[in-house]
Structures are given as C-alpha cells and as structure tokens.
Amino acid sequence: MLQVSYIRDNREQVLERLAVKNFKQPELVDEVISLDNERLISQRASEEAKAAANLSAKQIGEFMRAGKKAEAEELKTQTGNSKDYIKKLDDELAVIEENLYQKLILLPNLPHASVPKGITPEENEVVLENGTIPELPANALPHWELAAKYNLIDFELGVKITGAGFPVYKNKGAKLQRALINFFIDEAEKAGYSEVSVPLMVNEASGFGTSQLPDKEGQMYYVGIDNLYLIPTAEVPITNMYRDVILKGEELPVKNCGHTPCFRREAGSYGAHVRGLNRLHQFDKVEIVQVVHPDRSYEVLEDMSAHVQGLLQKLGLPYRVLRLCGGDMGFGSALTYDMETWSAAQQRWLEVSSVSNFETFQSNRLKLRFRNAEGKTQLAHTLNGSALALPRIVATLLENNQTDKGIKVPEALVPYTKFEWIN
RNA sequence: GGAGAGGUGUCUGAGUGGUCGAAAGAGCACGCCUGGAAAGUGUGUAUAUGCCAAAAGUGUAUCGAGGGUUCGAAUCCCUCCCUCUCCGCCA
C-alpha cells in the first residue's frame with residue numbers, strides 16, 4: 001500500500017510512474033488526494049470537538065471533588081449535548097476513511113526508474129543470458145515422458161488422490177526433490193540467511209500484510225471452517241513474522257530462508273503450457289526474504305539476484321535474467337527480476353525464480369518499521385525471491401541432462417542425491 | 001469438544017469510574033561514581049496523527065478487537081477474537 005502523504009506530495013511523479021505500470025485508473029490518484037483533504041478537515045473538526053468535551057469532563061471531575069454539585073450538573077447538560085455532534089463527525093470521518101482506504105488499496109506499487117515501460121511479457125528486458133543451451137538429439141523427450149520412463153513422477157496417481165496439478169514423486173524423483181531442497185537451504189545459509197520453518201496456513205491479517213489479500217484472494221486455497229488460507233509462497237508467513245514490529249537499526253538486515261510447499265489454485269490456466277511440471281497446484285520452494293534499510297534495498301536486490309544465479313550456475317542450467325516491464329510486474333513490486341531456465345526438450349524458457357523489491361509497499365501494510373539514526377521510526381524495505389522453485393528446475397534438469405545412458409545428475413547435487421545417474 | 005482463568009507499555013506486573021498514557025520493578029540508553037567493570041546512583045525510555053518553518057510545546061486516538069452505558073471508561077455492560085490451566089480426544 002502506498003503512503004497517502006507520499007501521493008499527496010508527489011502527485012506528478014506518482015502519475016508518471018503508474019503510467020509505466022500501465023495502470024488503468026490514474027484518476028484514483030486525484031481521488032485519493034481529494035479524499036485525504038476531506039479526511040484532514042473532518043478529522044480536525046472531530047478532534048476539536050473532542051478536545052472541548054474532554055476539557056469539560058475534566059472540569060466536571062474537579063467540581064465534583066470540590067463538592068460544587070450545581071456547577072458540575074450544569075456543565076453536564078452542556079457537554080451532554082455535544083455528544084451527538086461528535087458522533088456525527090466521527091461517522092462522517094469513518095465514511096471518508098473507508099472510502100479513502102478502498103481507493104488506496106487499488107493503487108499498485110510505483111515501479112523503479114529502471115523498469116521498462118510495457119504491457120506484455122514480450123516487453124520484458126533481457127538483462128543477461130548465461131550458460132550454453134544444450135543441443136539435444138532428435139529423439140529427446142520432454143520431462144513428463146522422462147518422468148514416466150524412469151518412474152520418477154506419477155501424475156495420474158496424483159489425480160486419483162487429489163486432482164490435476166498434484167503429482168506424486170517416486171523413487172529417485174522423490175529423492176531428487178529432497179536433494180534440491182537441502183542444497184538450496186544449505187546455499188542460502190552459506191549466504192547468511194537463517195532458516196525458518198513456518199506454518200503452511202495463514203490468517204487473514206497475514207494474507208493482507210503481504211498483499212495477497214484482497215488482491216489475489218481467488219488464487220489461494222481457503223479453509224473456510226477456520227478462516228485460514230494455504231500459503232501460495234513462504235513469503236507470506238516469513239514476511240509476516242515481522243508484522244507490527246519495530247526493529248532496532250542494528251538488527252537490519254534481517255535475512256531468512258525457508259522451505260515450504262506452496263499452494264496455488266491457478267484458476268483458469270489450463271492447456272498445453274501447463275503440462276507436466278510446468279504449472280502445479282502444489283509445489284515445493286525455498287524462499288529467501290530480507291528486511292533492509294531503505295538506502296540499501298537495491299543493492300540487496302542485486303545480491304539476491306546474484307545468489308539465485310549462483311544456484312543455477314552450480315546446477316549447470318542455462319538461464320536468462322529478465323527485468324520485468326511495468327505491465328508484467330506484480331502488484332506490490334517496485335522492481336522484479338525473473339530468472340528463467342531453458343527447457344531444452346520443450347524449447348522454451350521456464351520461470352524458476354522471481355526476485356522483487358517491494359520497498360515500503362508491504363511494510364506500510366505490515367507496519368514493519370525500524371529505528372533510524374535519528375531514533376525515529378521508519379518503514380523498512382522488504383524483498384523476497386525464490387531460491388528456487390523446484391518443479392521447473394526438476395523439469396529442466398531432466399530434459400537438459402538426458403543422455404542415452406540416462407539422466408546425469410549435476411555434480412553439485414550428487415552429495416545430496418547420493419547417486420550420479422537416473423537410469 | 002466440556003469446565004475455568006485471563007488478555008495492560010520491551011518484559012514482569014499494579015490499577016474496579018475523574019488527578020491514568022497508565023504505579024512499581026526489570027531491561028535498555030545516557031550521565032555520575034570507578035584505574036576498568038560490577039554494585040550504587042541520577043535522568044530518560046510507547047505508537048500513530050493534527051497544529052507549529054522546525055524544536056519545544058500542545059490537541060486527538062490507542063490498556064486484545066468492535067459496539068454500548070456515562071459529562072467522563074484500562075476500570076461497568078454486550079459481541080467477537082486470542083491465550084493459558086484442567087478434563088476428553090489425538091500425531
């Protein structure tokens with residue numbers, strides 16, 4: 001959520017930034033500003049009335065103590081009359097505030113200056129490509145066929161137990177998963193992230209704090225009986241650990257990592273591109289999260305990007321880094337890098353990580369602050385990234401490393417899998 | 001699920017209608033003391049927001065959340081949420 005004071009003081013810039021994000025309702029900006037002006041006037045009126053009433057109440061107390069009954073009674077009747085007036089003012093104020101709030105939460109975060117203007121994924125900027133794209137023989141198989149051939153993943157079994165998008169991993173397929181999780185967690189810890197293991201269901205306040213709610217309500221599984229949501233990413237519980245927290249300056253940066261399954265309804269996305277592991281309702285992911293000083297957040301974003309790239313390099317996967325264009329960015333992000341690996345059998349890039357700087361967009365909602373050098377509270381910046389999401393990594397590992405002898409496990413992973421070949 | 005207790009500041013914890021943004025202690029910060037430390041001692045120590053150029057100051061709100069009673073609510077009433085203890089169930 002943007003800060004009203006910022007919008008008020010930087011109207012032109014806000015409009016210009018929203019245009020980069022191809023935001024469809026720029027009129028909201030002026031509506032927010034004018035509602036905020038109303039709010040200020042209304043609030044002032046209410047507060048003045050309350051100040052007067054409080055003063056009278058105090059005087060009545062003094063009269064009572066001094067035994068001046070008559071004076072007290074007289075003041076009582078006077079003050080009693082102001083109650084309705086105050087109530088009316090407060091009701092008005094509440095309406096204005098609600099209005100303001102409803103508009104405010106429709107405004108996405110402002111994109112960073114480096115974000116390219118654009119609407120579609122084609123307009124994302126390719127920042128770099130790394131690694132060599134493997135040439136596969138003509139008879140190369142896509143990962144879902146490899147998974148069947150080597151008995152690694154059973155998609156039908158998942159359909160039977162739960163439904164489409166909930167695969168069952170078996171044998172070396174299951175072990176490969178576990179190896180990747182441990183590898184990713186170990187690498188994150190080496191990079192200074194401390195591991196947390198968090199709840200997989202969150203309450204409404206948490207969903208709101210990281211802005212999944214109300215914007216993306218339909219994308220989360222909802223457990224109505226207890227009013228809880230299954231997490232779509234570990235970002236939600238991990239970042240919400242710091243909701244309503246004022247950190248000491250020296251506690252920054254906060255660095256956490258964690259592995260969780262992630263649950264996504266992915267309503268409305270079916271077809272050839274979601275085949276196999278390409279898009280699932282449940283998948284595993286290791287997430288990295290940082291809470292940092294605002295002056296450092298872009299430097300940290302680069303660090304996180306480098307960390308993710310390091311993982312891909314160690315796994316020997318060719319990848320590219322995209323700087324998302326305004327229109328393709330998430331609602332709360334100020335700058336997002338997507339990392340994609342080349343899926344050699346499918347002949348397409350697959351997104352395996354997304355690293356974002358939210359600046360104060362989340363922390364404003366979370367009330368996540370720190371005490372700055374002047375001793376004042378200030379909103380911190382939050383960042384997070386996948387490091388990494390498993391299924392597409394598994395997909396590309398299987399496809400890219402297939403040989404006539406089987407699938408070669410990347411060297412960095414062998415200490416974790418304890419086997420070198422899937423055959 | 002049944003029965004009971006309770007939710008107060010960083011923490012412990014007092015506070016059953018007015019002088020309470022809130023005692024006391026601990027912690028923390030700064031100062032004094034000390035060769036240095038401990039002890040001792042003094043001062044300070046919530047958040048948001050309005051007024052003010054800013055600071056000082058001061059208004060408003062906040063004692064789980066929301067509503068009500070009252071001139072006045074941390075304190076009384078109602079609803080909801082949460083936590084703890086015991087019993088039951090259970091990995």
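Residue numbers begin at 1 in each chain, while the letters A, B, ... track the order of the sequences. Predicted, not measured: the structure shown is a model, and the values here were computed from it.
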Take atom C1' in B:G35 and the same atom in B:A26, then report the distance between them in whole Å.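 Each nucleotide's C1' atom is 30 Å from the other's.
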Please give the distance between the P atoms of B:U60 and B:G72 as a whole number of Å.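 Roughly 14 Å separates the two P atoms.
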Earlier contact from the 5' end, RNA chain B, for A:Asn54 and A:Thr79: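 Here A:Asn54 is the residue nearer the 5' end.
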Using heavy-atom distances to pick each residue's nearest nucleotide on RNA chain B, tell me which of A:Lys50 and A:Lys76 is more 5'.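 The residue closer to the strand's 5' end, by nearest nucleotide, is A:Lys50.
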Counting only Watson-Crick or G-U wobble pairs whose two distances fall under 3.5 Å, which nucleotide matches [N]?
| N | result |
| --- | --- |
| B:C89 | none |
| B:C63 | none |
| B:U69 | none |
| B:C84 | B:G4 |
| B:U16 | none |
| B:G50 | B:U58 |
| B:C11 | B:G25 |

Under 4.0 Å, counting only non-hydrogen atoms across every strand here, what does [X] touch: a base, just sugar-phosphate, or nothing?
| X | answer |
| --- | --- |
| A:Leu75 | nothing |
| A:Lys367 | nothing |
| A:Lys87 | sugar-phosphate |
| A:Ser82 | nothing |

Please tell me if the side chains of A:Val289 and A:Thr382 come closer than 4.5 Å, counting only heavy atoms from C-beta onward.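 Side chain of A:Val289 against side chain of A:Thr382, heavy atoms only: no contact under 4.5 Å found.
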Just wondering, do A:Leu157 and A:Lys160 contact through their side chains at under 4.5 Å, heavy atoms?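 SC-SC contact between A:Lys160 and A:Leu157 confirmed.
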Inspect the contact between A:Glu374 and A:Lys376 and indicate whether a charged nitrogen and a carboxylate oxygen are less than 4.0 angstrom apart.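 Looking at A:Lys376 and A:Glu374, the cut-off is not met.
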May I ask you to say whether A:Asp36 pairs ionically with A:Arg39, meaning some side-chain N is under 4.0 Å from a carboxylate O?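 Yes, charged N to carboxylate O under 4.0 Å.
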Would you find a donor on one side and an acceptor on the other, under 3.5 Å apart, between the side chain of [X] and the backbone of [Y]?
| X | Y | value |
| --- | --- | --- |
| A:Asp30 | A:Glu27 | no |
| A:His381 | A:His293 | no |
| A:His143 | A:Gly276 | no |

What are the 5'-most and 3'-most nucleotides of RNA chain B lying under 4.0 Å from any heavy atom of chain A?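 Result: B:G18 to B:G72.
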